[in-house]
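Scroll down for the structure; my scribbles are underneath it.
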Amino acid sequence: KANNFFNSDLTNKGLIKFFNQRNISNLKSFNLICSQLDKITVKAWKMLGQMINRMHKLERLSLDISQSKNLGLSLTLILQALVTLPHLICLKISIDPDDKITDKDFSFDDKTFQSQKQLKYLSLSFRTSLITDDGLSKFSNALLQLTNLEELEFDFHGCEGLTNEGIHYL
């Protein structure tokens with residue numbers, strides 16, 4: 001089990017060093033909380049996606065990233081890493097970045113949840129993002145693969161691109 005909290009003093013070099021030093025392949029639970037990481041570049045966020053990609057035994061994943069820059073471009077890599085996590089039971093992703101998340105960044109597709117046959121709890125929070133009805137429609141299609149899902153939680157507070165039509169997709 002790994003619980004990690006990083007704050008605004010962290011630099012790209014420190015985060016990359018953390019990602020490279022960890023023997024993470026046997027982790028069953030990973031909780032990452034990051035806040036105000038203005039010094040972190042896309043390279044470090046991509047490394048987070050690669051690190052998650054190596055956590056093949058992971059059952060619980062929680063990412064809480066707020067007020068951080070350069071996340072939108074790398075969110076796709078983080079979401080793609082979910083395909084490599086067949087034992088995932090609980091997934092929580094909370095993103096409240098300084099950069100706005102768009103439909104392109106919020107790229108759930110038919111492959112996103114194809115290996116999550118055990119996923120029972122899904123919590124997603126993408127506050128103040130630029131996600132639209134089209135992005136939510138694609139996401140709802142990806143949700144159809146989660147046949148064992150017992151709990152589903154959403155928070156799209158401040159997402160002005162969503163309408164009643166988009167919510168209807170869920």
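Nearest heavy atom pair, residue S137 against residue S140, reads O-OG, 2.7 Å. Minimum heavy-atom separation, A81 to G49: CB-O, 3.5 Å. For the residue pair D103 and I131, the shortest heavy atom distance occurs at OD1-CA, 3.3 Å. Among all heavy-atom pairs drawn from S62 and N31, the shortest one is OG-OD1, 3.2 Å. Of all non-hydrogen atoms in F156 and L162, the two that sit nearest each other are CB-CD1, 3.6 Å. Nearest heavy-atom pair, H87 versus Q118, reported as atom, atom and distance to 0.1 Å: ND1-NE2, 3.8 Å.
Only one option out of L82, I93, L32 pairs with L61 in a side-chain contact (heavy atoms from CB on, under 4.5 Å); it is L82. None of L88, I89, L85 except one satisfies the side-chain contact (heavy atoms from CB on, under 4.5 Å) rule with L119; the exception is L88.
Partners of D155 by salt bridge (charged side-chain N to carboxylate O under 4.0 Å, His left out), not counting sequence neighbours, listed by chain and number: R127. The side chain to side chain contact (heavy atoms under 4.5 Å, CB included) search around E151 returns Y121, not counting sequence neighbours. By the side chain to side chain donor-acceptor pair (under 3.5 Å) test, S123 is found to be paired with E153, residues two or more places apart in sequence or in another chain being considered. By the side chain to side chain donor-acceptor pair (under 3.5 Å) test, D133 is found to be paired with T163, residues two or more places apart in sequence or in another chain being considered. Considering only residues two or more places apart in sequence or on other chains, K138 meets the salt bridge (charged side-chain N to carboxylate O under 4.0 Å, His left out) condition with D134.
Here E59 contributes atom CD and K120 contributes atom NZ; the two are 11.0 Å apart, rounded to the nearest 0.5 Å. Atom CG in L124 sits 6.5 Å away from atom CG in L91 (nearest 0.5 Å). The line from CG of L27 to NZ of K57 is 10.5 Å long, rounded to the nearest 0.5 Å.
Ring to ring, F154 and F139 are close: their centroids are under 6.0 angstrom apart.
S115 places a side-chain N or O within donor-acceptor distance of the main-chain N or O of V83, the cut-off being under 3.5 Å.
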Validation: residues 143-150 side-chain donor-acceptor distances under 3.5 Å, sequence neighbours left out:
| residue | atom | partner | partner atom | Å |
| --- | --- | --- | --- | --- |
| Q145 | OE1 | Q114 | N | 2.9 |
| Q145 | NE2 | D110 | O | 2.3 |
| N148 | ND2 | K117 | O | 2.5 |

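Annotation for E160: atom CD does not count as buried by contact number, only 12 or fewer foreign heavy atoms lying within 6.0 Å.
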